[in-house]
Number of protein chains: 2
Amino acid sequence: MTTPPIDTKQRLLDTAERLFAMNGFHSTSLRTITREAQANLAAVNYHFGSKEALMEAVLERRLGPLNTAREERLRQVLDEAAGGERSPLCRDVLRAFVEPTLRFREADAGARYFLLLVGRSVAEADSTVRQSFLRQVKPIFLLFKNALQLALPELSETILLARLHFTIGALHHIMCMPLQTGIAPPELILNCDSAFMLELLLPYLTAGMEAP
Amino acid sequence: MTTPPIDTKQRLLDTAERLFAMNGFHSTSLRTITREAQANLAAVNYHFGSKEALMEAVLERRLGPLNTAREERLRQVLDEAAGGERSPLCRDVLRAFVEPTLRFREADAGARYFLLLVGRSVAEADSTVRQSFLRQVKPIFLLFKNALQLALPELSETILLARLHFTIGALHHIMCMPLQTGIAPPELILNCDSAFMLELLLPYLTAGMEAP
DNA sequence: GTCTATAGATTGATAGAC
DNA sequence: GTCTATCAATCTATAGAC
C-alpha cells in the first residue's frame with residue numbers, strides 16, 4: 001500500500017490541533033496546515049467545509065470524551081455522597097474536574113497541544129472561536145456549579161460563581177504557560193507529570209473555594 | 001481650530017487599545033484602526049513604525065504607571081513589616097498587587113479595555129505579542145515572588161511559583177470574562193465595581209496561597 | 001504631519017480535470 | 001478523494017505629492 005498510515009481527515013485534525021495551539025487560529029493558514037499534514041490545499045474545504053469548521057471539529061473531537069469522563073467522575077462523587085444524604089466534599093468535586101483533565105493530558109502528545117489550545121480558547125479574542133469553545137463547555141460548567149453548591153451551601157451564588165471562575169482561570173492559565181518561555185518555572189514545563197500537577201493544584205483550589 | 005480634541009497619536013493608541021482588546025491583534029487591521037481613529041491609513045506607520053510597534057506602545061503606555069503603583073504599594077507593605085523584623089502578611093502582599101489593578105480599572109473607560117487586553121495577552125498565541133507583554137511584566141512578577149517568599153517562608157520555591165501562577169491565572173481570567181457573553185455571571189460583568197471585586201478576589205487568593 | 005496611490009505578498013475558497 | 005490553477009479579497013508597508 002502507498003496510502004499514509006492514517007487517513008487525511010485525521011492528519012488534518014492532528015496538524016491543525018498542534019498549529020492552532022502553538023501559533024493561534026489566525027496566524028495559521030490553511031496552506032501551512034495542509035503542507036505539514038501532507039495533504040492538498042483543497043483538502044480542508046473538502047473534508048470540513050471551512051477553516052472555522054475545522055477549528056470546531058478540532059475542539060469537538062477531544063472535548064466530547066473529556067467532558068464525558070469529567071461527568072462520570074462527578075456522578076460517582078455525587079452518588080457516594082447522596083447515597084447517604086451528606087453533601088459531597090468540595091475537594092472531591094474539584095478533583096472530579098481536574099483529574100480527568102490531567103489524566104487526559106498524558107494520553108498522547110496531541111492531547112497536550114489540545115489542552116494548550118483550550119487554555120487559550122477562553123481568552124481568545126476572535127469571537128467565533130471563543131463562542132464555539134464556550135458553547136461546548138457550558139453544560140459541564142453548569143454541572144460542576146451545581147455540585148459545588150451542594151458542597152458549599154453556605155456560599156451565595158455570586159461568590160460561588162466568582163470562585164468557580166477563579167478556579168477555571170487558574171487551571172487554564174497553567175495549561176497555557178507550560179509551553180511558554182520566560183516566566184514559567186521549569187518544574188511546570190511541558191514534561192511535568194499529572195500526579196505532581198494535581199498535588200499542586202488541588203490544595204490551592206480547594207482552599208480558595210472554601211475560603212471564609 | 002479645526003484640529004481634533006486630542007492629537008492623532010493618542011487617538012490611535014486609544015482606538016488600537018479598544019480594538020485589540022475586543023477583537024484581537026490579528027483580527028484588527030490598520031485600516032480599521034485608522035478609520036475609527038479618524039486618521040489616515042499611513043498614520044500608524046508614521047507615528048509608530050509598524051503594527052507590532054503600535055501594540056507595544058499600547059501595552060507600555062498603561063503598564064508603566066500600573067506597575068509603578070503596584071511597586072509603591074508593595075514597598076509600603078514591606079517597609080511596615082521590615083521596620084520591625086516581622087514577615088509581611090500574605091494578604092497584604094496580594095492586596096498590593098490586586099488593589100492598584102482594580103483601582104486602575106476605574107480610572108477611565110480605556111483602562112477597562114486595557115485590562116481585557118492584558119488578560120488576553122498572557123494566553124496570546126502570537127509569540128511577538130506575548131513576548132512583548134511578558135517582557136514588560138517580568139520585573140514586577142519577580143518582585144512579588146520575592147515578597148511572597150518572605151510572607152510564606154515555609155513553602156518550597158516550586159510550590160510558591162505554581163501558586164503564584166494560579167493566582168495570576170485567576171486574576172487575568174476574571175479580567176477577560178467580564179466583557180464576554182454566556183458563562184460569566186451578570187454580577188461580574190463590565191460594570192462590577194472594584195471594591196466588590198476586591199472582596200471576592202482577596203479571600204480566595206489568600207486562602208489558596210496559604211493552603212497547607 | 002497628512003494624504004493618495006499602490007506595491008507586494010498572503011489569504012480562504014472554489015471550479016473543474018483526473 | 002485528490003490535484004492544479006486561479007479568483008477575489010485582504011493585508012502591511014511605503015513612496016512621493018502636498
Side-chain angles (χ1 to χ4, degrees), chain A residues 1-59 61 117 124-132, chain B residues 1-59 61 117 124-132:
Chain A
M1 297 290 192
T2 56
T3 52
I6 48 174
D7 70 338
T8 302
K9 201 167 175 178
Q10 287 266 331
R11 284 198 329 276
L12 286 173
L13 285 171
D14 291 339
T15 309
E17 176 174 69
R18 177 170 50 84
L19 292 174
F20 285 159
M22 292 294 284
N23 307 321
F25 180 72
H26 279 100
S27 302
T28 306
S29 70
L30 293 183
R31 283 174 169 77
T32 309
I33 295 172
T34 48
R35 185 179 354 107
E36 296 206 16
Q38 300 187 336
N40 186 269
L41 171 59
V44 165
N45 279 279
Y46 175 78
H47 285 286
F48 300 95
S50 72
K51 188 186 177 184
E52 283 182 357
L54 171 61
M55 171 60 122
E56 183 107 4
V58 165
L59 290 177
R61 178 175 63 151
L117 182 61
E124 172 65 56
D126 182 277
S127 71
T128 310
V129 174
R130 192 181 60 244
Q131 298 295 343
S132 166
Chain B
M1 299 289 194
T2 56
T3 51
I6 47 173
D7 70 339
T8 301
K9 199 167 175 176
Q10 287 267 332
R11 280 194 336 273
L12 286 173
L13 284 171
D14 291 340
T15 309
E17 177 174 69
R18 177 170 50 83
L19 293 174
F20 284 159
M22 293 294 283
N23 308 321
F25 181 72
H26 279 99
S27 301
T28 306
S29 70
L30 292 183
R31 280 175 169 77
T32 309
I33 295 172
T34 49
R35 184 175 3 103
E36 295 206 18
Q38 299 186 336
N40 187 270
L41 172 58
V44 164
N45 279 278
Y46 175 78
H47 285 286
F48 300 95
S50 72
K51 189 186 178 184
E52 283 182 355
L54 171 61
M55 173 58 123
E56 183 107 3
V58 165
L59 290 176
R61 178 175 64 150
L117 182 60
E124 172 65 54
D126 182 276
S127 72
T128 310
V129 173
R130 192 180 60 244
Q131 298 296 342
S132 165

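Since this is a predicted model, take the numbers as computed values, not measurements. Below, each value reflects all heavy atoms present in this structure, side chains not excepted, and no hydrogens, waters or symmetry copies.
Listed for the A:K51 side chain is no donor-acceptor partner under 3.5 Å among the backbone atoms of A:S29. The main-chain N or O of B:L19 is found under 3.5 Å from a side-chain atom of B:T28 such that the two form a donor-acceptor pair. With hydrogens and angles ignored, the 3.5 Å screen pairs a side-chain donor or acceptor of A:R130 with a backbone N or O of A:A125.
The distance between atom CD of B:Q38 and atom P of C:dT2, rounded to the nearest whole Å, is 13 Å. Rounding to whole angstrom units, OH of residue B:Y46 and P of D:dA15 are separated by 15 Å. One interatomic measurement links the two molecules: CD1 of B:I33 to C1' of D:dA13, which rounds to 14 Å at whole-angstrom precision. Atom NZ of B:K9 is separated from atom C1' of C:dT2 by 16 Å (rounded to the nearest Å). Protein atom CZ of A:R11 is 12 Å distant from nucleotide atom C1' of D:dG1, rounded to whole Å. For A:L54 and C:dA13, the CG to P distance is 10 Å, given to the nearest whole Å. Across the protein-nucleic acid pair, A:N45 atom CG and D:dT4 atom P stand 16 Å apart, rounded to whole Å. Here the C1' atom of nucleotide C:dA13 and the CZ atom of A:F48 are 16 Å apart, to the nearest Å.
Ranking C:dT4, D:dT2, D:dA5 by closeness to the A:T8 side chain, first place goes to D:dT2. For A:L41, the listed nucleotide lying nearest its side chain is C:dA13; candidates were C:dA13, C:dT2, D:dT4.
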Apply side chain to side chain donor-acceptor pair (under 3.5 Å) to residues B:T15 and B:E36 and explain how you reach the verdict.
CA-CA 7 Å; B:T15 309; B:E36 295 206 18; over 6 Å; no
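The two residues B:F48 and B:A53 have their closest heavy-atom pair at O-CB, 3.2 Å.
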Protein-nucleotides 9-11 of chain C N/O pairs under 3.5 Å:
{"from": "C:dT11", "atom 1": "OP1", "to": "A:S29", "atom 2": "OG", "distance (Å)": "3.4"}

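In this structure, B:N23 and B:T32 have side chains that are not in contact, with every pair of non-hydrogen atoms separated by 4.5 Å or more.
Salt bridge absent: B:K9 and B:D14 never bring a charged side-chain N and a carboxylate O closer than 4.0 Å.
OP1 or OP2 of D:dT4 has at least one side-chain nitrogen or oxygen of A:N40 nearer than 4.0 Å.
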